[in-house]
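Okay, structure first, notes after.
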Amino acid sequence: MTPRHDPRLKAFASDNYAGVHPEILQAVAAANGGHQIAYGEDVYTEAMQAVFQRHFGETARAWPVFNGTAANVVSLRSMTAQWEAVICAESAHINTDEGGAPEVAGGIKLLTVPTPDGKLTPELIDRQAWGFGDVHRAQPKVVSISNTTELGTLYTAAEIAAICAHAHDLGLLVHLDGSRITNAAAALDVPLCALSTDAGVDVLSFGGTKIGLLYGEAVVVLNPDAATGVDYLRKTFMQLSSKMRFVSVQFEALLSGDLWLRNARRANAMARRLADAVRDIPGVELARPVEANAVFAVLPGDAAERLRKRFRFYTWDESTGEVRWMCAFDTTEEDVDAFAAALAEELRATDGDH
Ligand SMILES: Cc1ncc(COP(=O)(O)O)c(C=O)c1O
């Protein structure tokens with residue numbers, strides 16, 4: 001079958017606009033043929049557990065699921081009783097971009113905190129960590145952070161450790177939405193466990209899709225005392241894949257060597273290149289620090305509208321017109337340079353209009 005799309009075309013809308021890394025597709029093909037026990041009792045899922053343990057420690061256990069929203073819902077539900085609640089940044093994906101799934105599907109109360117940069121701190125957690133023992137208040141139980149954050153910023157290992165220490169002192173658990181934990185670790189040049197297990201995180205949603213998988217994320221329980229019933233909850237939330245070998249083998253291919261790191265480094269480097277290429281173009285204002293694979297900018301006039309006809313990307317904040325440009329594992333230097341040149345052209349055109 002010939003492709004129905006032009007495989008040379010790249011967008012800057014999201015890292016999940018990218019296709020599948022060839023090494024992942026090869027791994028899926030290698031796992032094909034013959035029969036394997038369904039629902040996760042296959043040899044690929046067993047091998048995947050060992051690979052997760054190598055990265056996250058001997059007590060880590062991973063449950064593959066279909067998408068990131070589900071990884072978050074299953075993680076948070078496994079960490080909370082019905083009367084308990086989750087503290088998160090107002091900008092957190094679980095609060096802004098999951099169609100209400102944590103509340104509607106998971107039945108989980110979110111206690112949100114406004115933040116300047118998408119990051120919680122011990123002080124910001126305290127804005128919602130109160131009312132313990134008050135039957136009128138949903139009881140705070142989990143602090144959920146994202147690394148990288150939805151605003152493209154990073155938590156360092158020390159910042160996560162400080163959050164975990166504070167949360168644990170209050171009797172709270174810590175969940176990390178690691179949809180882009182690979183980008184964060186690559187940017188900080190630290191192992192994945194430095195931003196999770198070693199810092200005291202209890203449960204991690206590990207992201208695979210945005211870093212080159214066909215599909216697949218994982219609930220990774222780092223502290224076995226922090227979560228209950230994940231086996232059952234995964235099925236309850238319709239996330240138990242029958243042909244699980246094809247999800248598991250993708251994680252093995254991603255994490256057994258350095259594919260995750262190569263992909264994350266490339267995506268991050270391309271965002272840096274993009275920021276450097278556009279920051280001095282008159283009219284472009286970079287709106288946030290570029291710390292991993294996202295670039296946020298404000299453009300004058302209708303430049304964004306015009307540019308969008310050539311490259312797809314999203315408006316992040318309708319009220320300010322701020323746009324977000326994401327780089328993926330397959331973004332090339334030529335893609336970035338072509339995008340920057342198109343942006344400069346559209347801005348010259350905008351200028352000429354006035
Ligand atoms: C930080 C973060 N968490 C979770 C998700 C959810 O992933 P999915 O779209 O696979 O449900 C995303 C997706 O964009 C994300 O950016």
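Owing to the predicted nature of the structure, the values given are computational and were not obtained by experimental measurement. Each ligand, and each atom within it, is numbered from 1 in the order the structure gives.
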**Message:** So if I only count non-hydrogen atoms and take anything under 4.0 Å from ligand 1, which residues does that give, chain by chain?
**Reply:**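 Within 4.0 Å of ligand 1, the protein residues are N67, G68, T69, N72, H93, E98, E150, D177, S179, R180, K210.
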**Prompt:** Does a salt bridge link R273 with D337, judged by any charged N lying under 4.0 Å from a carboxylate O?
**Reply:**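 Salt bridge: yes.
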**Carboxylate-amine/guanidinium proximity below 4.0 Å for D335 and K10** =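 Between K10 and D335 there is a salt bridge, with a charged N closer than 4.0 Å to a carboxylate O.
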**Request:** Decide yes or no for I145 and K119: does some side-chain heavy atom of the first lie under 4.5 Å from some side-chain heavy atom of the second?
**Result:**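 Sidechains of K119 and I145: no contact.
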**Message:** Contact between F206 and I181 at the side-chain level, heavy atoms closer than 4.5 Å - yes or no?
**Reply:**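 Touching, per the 4.5 Å side-chain cut-off.
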**Message:** Given V113, which partner from the list E90, E123, Q128 fulfils the side-chain contact (heavy atoms from CB on, under 4.5 Å) test?
**Reply:**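 Looking at E90, E123, Q128, the match for V113 under the side-chain contact (heavy atoms from CB on, under 4.5 Å) is Q128.
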**Test ring pair (Phe, Tyr, Trp, His ring centres under 6.0 Å) applied to F311 and W325, step by step** = CA-CA 10 Å; F311 292 88; W325 301 320; over 10 Å; no
